[in-house]
Amino acid sequence: MPRAFVTGITGQDGGYLADQLLGEGTEVHGMVRAGDDDAVRDLLARTPGVVLHDGDLGDAEGLRRLIADVGPDEIYNLAGISSVAFSWAEPVLTAQLSGVAAATVLDAAWRLQEDTGRKVACLQPSSAEIFGHADSWPQDESTPVRPVSPYGAAKAYAHHIAGVYRGRGLHVATCILFNHESPRRPLAFVTRKITAAAAQIGAEGFGVIRLGNLDARRDWGWAPDYVDAMVRSVRHEAASDYVVATGQTHTVAEFAEAALRRAGVGDSWRDHVEVDPEFLRPNEAPILVGDASKARRELGWKPTAAFDEVVGRMVDHDMELLKRGKA
Ligand code: GDR
């Protein structure tokens, strides 16, 4: 039975990854931070089969020891700062956890492979944010890396160091993930912020969603699909970079409209959206949309849910939470 080691296992993607890997018979080990008790409880309730280990991305020596002790066949490095907005407030921490820590993980994997003579296959989740103000779209694996946010810069470093270790003989795949959503998305991200508020407005008939840039265009997919691409790329015979995206782009305003309509607000949806400068970022890409042809061709991957379904599932979930008094 293959053994996987997952950092960031308590996050949205980590949870779906644990589900998928356990479901297909992989032994799953996850690293959790001390004090993350609520997230650990939720994870164990959903996926009781995971084996958890205390660890911290910031503790390079401890992480190295943990990877050597667990001795995985596959490593998924999902931990780090995932909020682009937060990265503007904490650029150094973001560089450490979403950038430099990738070198620690990959170096530990490489040493494990050297010591045991067994293949260790790794997944580094890259981000569409590495493209920043791209000159063209859709973006693909050949689009120049030119980030415009601290998060994007950190992920660009991690993307490049993944290539470095691939060149050293380690199987390191990167999935260049465009936005991917689900009911498990925290409220800090625009989609869940909108769907949770839309459900509330739909139920009460009043209320306003305060948002930042309504014109930003993003490519929103269904998170479990993106996790499936990660597993496929780790298990593919050759390691490579893969854009993972739907190829469809919508503005934040269109997301809000779709969510509010789904919640039953109808044509008056515009009355429930306001721009609040607090949520504007110092700089960001106007349009991110990905061309996942290479993942389709080489991995046999394709998205299973389009924009309307993603919005619908999230709003329905938030309406259900409200009904059960759990919002
Ligand atoms: P993003 O996700 O930064 O694209 O990163 P987020 O949902 O935070 O923002 C998407 C777009 O919405 C605009 N926006 C707002 N964003 C937030 N959070 N809150 C608001 O009120 C708001 N109003 C407008 C943003 O400016 C942005 O344009 C996600 C994360 O999952 C990353 O980890 C991942 O790498 C990238 O997607 C691809």
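Note that the numbering runs from 1 along the sequence shown for the chain. Both counts, for ligands and for their atoms, begin at 1 and track the order of listing.
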> Does Ala85 come within less than 4.0 angstrom of ligand 1, counting non-hydrogen atoms of the residue?
Replying inline: no

> Strictly by modelled atom types, are Asp241 and Thr174 linked by a side-chain donor-acceptor pair under 3.5 Å?
Replying inline: yes

> For ligand 1, is His180 a contact, meaning one of its heavy atoms is under 4.0 Å away?
Replying inline: no

> If you measure from atom 24 (C) of ligand 1 to every heavy atom of Asn213, Asn179, Ile176, which option wins on shortest distance?
Replying inline: Asn213

> Purely on distance, is any nitrogen or oxygen of Thr191 under 3.5 Å from one on ligand 1?
Replying inline: no

> ligand 1 versus Arg185, non-hydrogen atoms closer than 4.0 Å: side chain, backbone, both, neither?
Replying inline: side chain

> Between Ala256, Gly212, Ser127, Ala253, which one has a non-hydrogen atom sitting closest to atom 23 (N) of ligand 1?
Replying inline: Gly212

> Is ligand 1 under 4.0 Å from a heavy atom in the side chain of Val252, in the backbone, in both, or in neither?
Replying inline: side chain

> Quick one: which ligand 1 atoms are inside 4.0 Å of a heavy atom on Lys193?
Replying inline: 20 (C), 21 (O)

> Do any nitrogen or oxygen atoms of Tyr151 lie less than 3.5 angstrom from nitrogen or oxygen atoms of ligand 1?
Replying inline: yes

> Can you find an N or O of Leu177 that's nearer than 3.5 Å to an N or O of ligand 1?
Replying inline: no

>> Check the orientation of Phe255 and Phe307. Use parallel for under 30°, tilted for 30 to 60°, and perpendicular for over 60°.
In response: perpendicular

Contacts under 3.5 angstrom, residues 284-291 side chains, donor-acceptor by atom type, not counting sequence neighbours:
from: Glu284; atom 1: OE1; to: Arg218; atom 2: NH2; distance (Å): 3.3
from: Glu284; atom 1: OE2; to: Asn213; atom 2: ND2; distance (Å): 2.9
from: Asp291; atom 1: OD1; to: Ser293; atom 2: N; distance (Å): 2.9
from: Asp291; atom 1: OD1; to: Ser293; atom 2: OG; distance (Å): 2.4

> Would you say ligand 1 has an N or O under 3.5 Å from any N or O of Ala216?
Replying inline: no

> Is Arg33 atom CZ crowded by more than 12 heavy atoms from other residues, nucleotides or ligands, each under 6.0 Å away?
Replying inline: no

> Is there a nitrogen or oxygen of Ser82 sitting under 3.5 Å from a nitrogen or oxygen of ligand 1?
Replying inline: yes

> ligand 1 versus Ala188, non-hydrogen atoms closer than 4.0 Å: side chain, backbone, both, neither?
Replying inline: backbone

> So which bit of Lys155 gets within less than 4.0 Å of ligand 1, heavy atoms only: side chain, backbone, both or neither?
Replying inline: neither

> Is there a path of hydrophobic side-chain contacts, each under 4.5 Å between heavy atoms of I, L, V, M, F, W or Y residues, that connects Met31 with Val28?
Replying inline: no

> What is the closest protein heavy atom to atom 22 (C) of ligand 1, and at what distance does it sit?
Replying inline: Val190 CG2, 3.4 Å

> Would a distance-only check, ignoring hydrogens and angles, find a side-chain to backbone donor-acceptor pair under 3.5 Å from Lys302 to Ala292?
Replying inline: no

>> Counting only heavy atoms from other residues, nucleotides and ligands, does the tally under 6.0 Å from CG of Asp267 exceed 12?
In response: no

> Quick one: salt bridge (Lys or Arg N to Asp or Glu O under 4.0 Å) partners of Asp73, sequence neighbours excluded?
Replying inline: Arg118

> Heavy-atom distance to atom 8 (O) of ligand 1: which of Arg210, Arg192, Arg281 wins?
Replying inline: Arg281

> Do the ring centers of Phe178 and Tyr226 come within less than 6.0 Å of each other?
Replying inline: no

> What atoms in ligand 1 come closer than 4.0 Å to a heavy atom of Glu284?
Replying inline: 25 (C), 26 (O), 27 (C), 28 (O)

> What is the nearest protein non-hydrogen atom to atom 5 (O) of ligand 1, stated with its residue, atom name and distance?
Replying inline: Val84 CG2, 3.5 Å

> Would the number of heavy atoms belonging to other residues, nucleotides or ligands and lying under 6.0 Å from CH2 of Trp222 be above 12?
Replying inline: yes

>> Show me which atoms of ligand 1 lie under 4.0 Å from any heavy atom of Arg218.
In response: 4 (O), 28 (O)

> Among Arg232, His236, Arg296, which one satisfies side-chain contact (heavy atoms from CB on, under 4.5 Å) with Tyr242?
Replying inline: His236

>> Please evaluate residues Thr251 and Asp215 with respect to the criterion side-chain hydrogen bond (donor to acceptor under 3.5 Å, both in side chains), reporting the C-alpha separation (whole Å), side-chain torsions for both, the decisive distance (0.1 Å), and the verdict.
In response: CA-CA 5 Å; Thr251 63; Asp215 299 324; over 6 Å; no

